[in-house]
2 protein chains.
Amino acid sequence: MGLMSEPRWLTDEEQRVWRDFYTAVGMLRAHLETQLQQDANMPHTYYELLVTLSEAPGQVMRMSDLAVATRSSRSRLSHAIARMEDNGWVRRRACETDKRGSFAHLTQAGLAALEAAAPGHVEAVRASVFDQLSPEQVRQLGDISAVIVDNLSPRCAAAAEELERLERDPAGA
Amino acid sequence: MGLMSEPRWLTDEEQRVWRDFYTAVGMLRAHLETQLQQDANMPHTYYELLVTLSEAPGQVMRMSDLAVATRSSRSRLSHAIARMEDNGWVRRRACETDKRGSFAHLTQAGLAALEAAAPGHVEAVRASVFDQLSPEQVRQLGDISAVIVDNLSPRCAAAAEELERLERDPAGA
DNA sequence: GCAGATTGGTTGAGGGCTCAACTAGGGGTA
DNA sequence: TACCCCTAGTTGAGCCCTCAACCAATCTGC
C-alpha cells in the first residue's frame with residue numbers, strides 16, 4: 001500500500017459489526033471486572049496470575065515464564081507481584097542457580113483467595129456469554145478468536161524484534 | 001440458584017473457547033491501543049470521543065449526553081475532556097438555559113487530529129479483523145456481539161438502579 | 001417561597017498500566 | 001582475565017481509570 005493511497009474504509013455492515021463487537025467487549029470487560037473487584041477484591045489480571053500459578057507444578061514459576069504465560073510485560077508483572085505479595089497471596093524466592101532470577105510461588109492464602117473468587121467469576125462468564133449463545137455460536141466464536149490470535153501473534157513478535165533491532169542500531173545503518 | 005449450590009463450571013470446550021476469546025480480545029485491544037498511541041498520540045477512548053463529537057450536529061454535545069453515548073462515567077469524561085482541552089481538541093461552553101450544564105465542542109484542531117488518526121486506525125482494524133474473517137464469520141460475529149450486548153445492557157441498567165436504591169435506603173428497610 | 005431531594009459536573013486520592021532507565025548477574029570471545 | 005553484550009528483574013514517573021466526596025443549580029411538595 002502506497003503512503004498516499006485512499007484508506008480502505010469499512011462498509012456500513014462492517015462498521016455496524018465493529019461497533020457492536022467493540023460495545024460487547026467493553027461491556028463484558030466492565031461487567032467481569034466489577035464483579036471480580038466487588039466480590040473478590042482483585043482485578044482480573046490478578047485473577048489470571050493466580051490461575052496460572054495454581055496450575056503450575058509446585059505452584060511456583062519463574063517471573064519470566066509467568067510473564068510469557070500471561071502475556072504480561074515484565075514491568076507489569078513486577079508491580080503486580082509486589083502488590084500481591086503485600087496481600088499475602090504470593091511470595092518471592094531467589095533462584096539459586098541463576099542469581100538474577102526470581103520465583104513467584106502461590107501461598108495458601110493466595111490459593112484460598114482464588115478458590116473464593118472462582119465460582120462467582122465463572123458464573124458471571126457463563127451467564128453473560130455461554131448461556132446466551134447456541135453451541136453453534138460457541139464454536140463460531142472459538143474459530144473467529146483463533147483466527148484473530150493467529151494473525152496477531154506473529155505481528156506482536158515481529159514488532160518486538162523490530163524494536164530490539166532499532167534499539168541496537170538507532171541510525172538504521 | 002441457591003447460595004451453596006455447586007458452581008456450573010465450564011466444559012473443556014467452553015474453557016478453550018473462553019481462553020481463545022479472551023486472548024484475542026486482549027491482543028486486539030493492545031494492538032489498536034499502541035497503534036493509536038504511537039501514530040496519533042491518543043488513547044482509544046479519546047478517539048471514540050472525537051468520533052462521537054464529530055458526528056454530532058454542530059459538533060457540540062452536552063457532557064451528559066456524550067457520557068451516555070460513549071458509555072463513559074461522568075468522572076472519566078470530565079477528566080478526559082479536561083486533558084483534551086489542554087490538547088486544544090475540544091472546548092467547553094456553558095449552557096445558558098441550565099447553568100449546571102456544560103457543552104463540549106470539537107475544535108478545528110480536534111477535527112484535524114481525528115482526521116489524521118482515522119486512516120491508520122481503520123486500516124489496523126481492517127487488517128486485524130475483517131481481512132481475516134470470511135463474510136459469513138463477520139455476520140456471525142455481529143450476531144454474537146448483539147446477543148451479548150442485549151443481555152448485558154439491561155443488567156447494567158438494573159445494577160445502576162439497584163445501587164441508587166441502596167444509596168437512598170442503606171438499611172434496606 | 002422554601003426545604004429536601006435530584007441532577008450535572010468536577011475534583012482528588014489511589015490503583016494499574018506503560019515506558020524508559022537502571023541494577024546486577026551470566027555468557028561469549030579475545 | 002577483561003571486555004562487551006545480553007538477560008532477569010525492579011523502579012519511578014506519568015497517564016487513565018474508578019470511587020467517593022463534593023459543589024452548585026434545578027425541581028418537587030408543601
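Lettering of chains follows the sequences in order, A, B, ..., and the numbering in each one begins at 1. Since the model is a prediction, treat every value here as computed from it, not as a measurement.
Residue T45(A) has a polar side-chain atom (N or O) positioned under 4.0 Å from OP1 or OP2 of dC17(C). Residue S73(B) has a polar side-chain atom (N or O) positioned under 4.0 Å from OP1 or OP2 of dT18(D). At the phosphate of dG15(C), neither OP1 nor OP2 sits under 4.0 Å from any side-chain N or O atom of Y46(A). For R62(B), no side-chain nitrogen or oxygen approaches OP1 or OP2 of dG8(C) to under 4.0 Å. For the OP1/OP2 pair of dG9(C) and a distance below 4.0 Å, the side-chain nitrogens and oxygens of R74(B) include no atom meeting the criterion. At the phosphate of dG8(C), neither OP1 nor OP2 sits under 4.0 Å from any side-chain N or O atom of S102(B). The side chain of R92(B) places no N or O atom within less than 4.0 Å of a non-bridging phosphate oxygen (OP1 or OP2) of dG9(C).
A donor-acceptor contact under 3.5 angstrom links the side-chain atoms of S75(B) to the base of dT11(C). One donor-acceptor pair, N or O on each side, does fall under 3.5 Å between the base of dT7(D) and the side chain of R100(A).
Atom NZ of K99(A) and atom P of dT7(D) are 22 Å apart (whole Å). With rounding to whole Å, L66(B) atom CG is found 20 Å from dT7(C) atom P. The distance between atom NE2 of H44(B) and atom P of dC17(D), rounded to the nearest whole Å, is 12 Å. Between the C1' atom of dG9(D) and the CG atom of D65(A) lies a distance of 13 Å, rounded to the nearest Å. Rounded to an integer number of Å, the gap from CD of E85(A) to P of dG9(D) is 14 Å. For the pair E96(B) CD and dT26(D) C1', the computed distance is 16 Å after rounding to whole Å. Here the P atom of nucleotide dA8(D) and the CZ atom of R93(A) are 21 Å apart, to the nearest Å. Put simply, CE on M61(B) is 11 Å from P on dG9(C), counting in whole angstrom units.
If you find the closest nucleotide of DNA chain D to R83(B) and to T97(B), the one lying nearer the 5' end belongs to R83(B). Between Q37(A) and R76(B), the residue anchored closer to the 5' end of DNA chain C is R76(B), taking for each the nucleotide with the nearest heavy atom. Nearer the 5' end of DNA chain D, as judged by each residue's closest nucleotide, is the contact made by D98(A), out of D98(A) and H79(B).
In this structure, S64(B) reaches the sugar-phosphate backbone alone: every heavy-atom distance under 4.0 Å involves primed, P, OP1 or OP2 atoms, never a base. Note on F103(B): nothing from the nucleic acid sits closer than 4.0 angstrom, heavy atoms only.
Between H44(A) and R29(A), the closest side-chain pair of non-hydrogen atoms is not below 4.5 Å. With contacts defined as side-chain heavy-atom distances shorter than 4.5 Å, the pair S72(B)/H79(B) does not qualify.
Between R92(A) and E85(A), at least one side-chain nitrogen of the basic residue sits less than 4.0 Å from a carboxylate oxygen of the acidic one, meeting the salt-bridge criterion.
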Given E13(B) and R139(A), is the salt bridge (Lys or Arg N to Asp or Glu O under 4.0 Å) satisfied, shown in steps?
-> CA-CA 9 Å; E13(B) 165 74 0; R139(A) 205 185 51 69; over 6 Å; no
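Remark: the backbone N or O of A24(A) is not paired with any side-chain donor or acceptor of S145(B) at under 3.5 angstrom.
Nearest heavy-atom pair, M42(A) versus A117(A), reported as atom, atom and distance to 0.1 Å: CE-CB, 4.0 Å.
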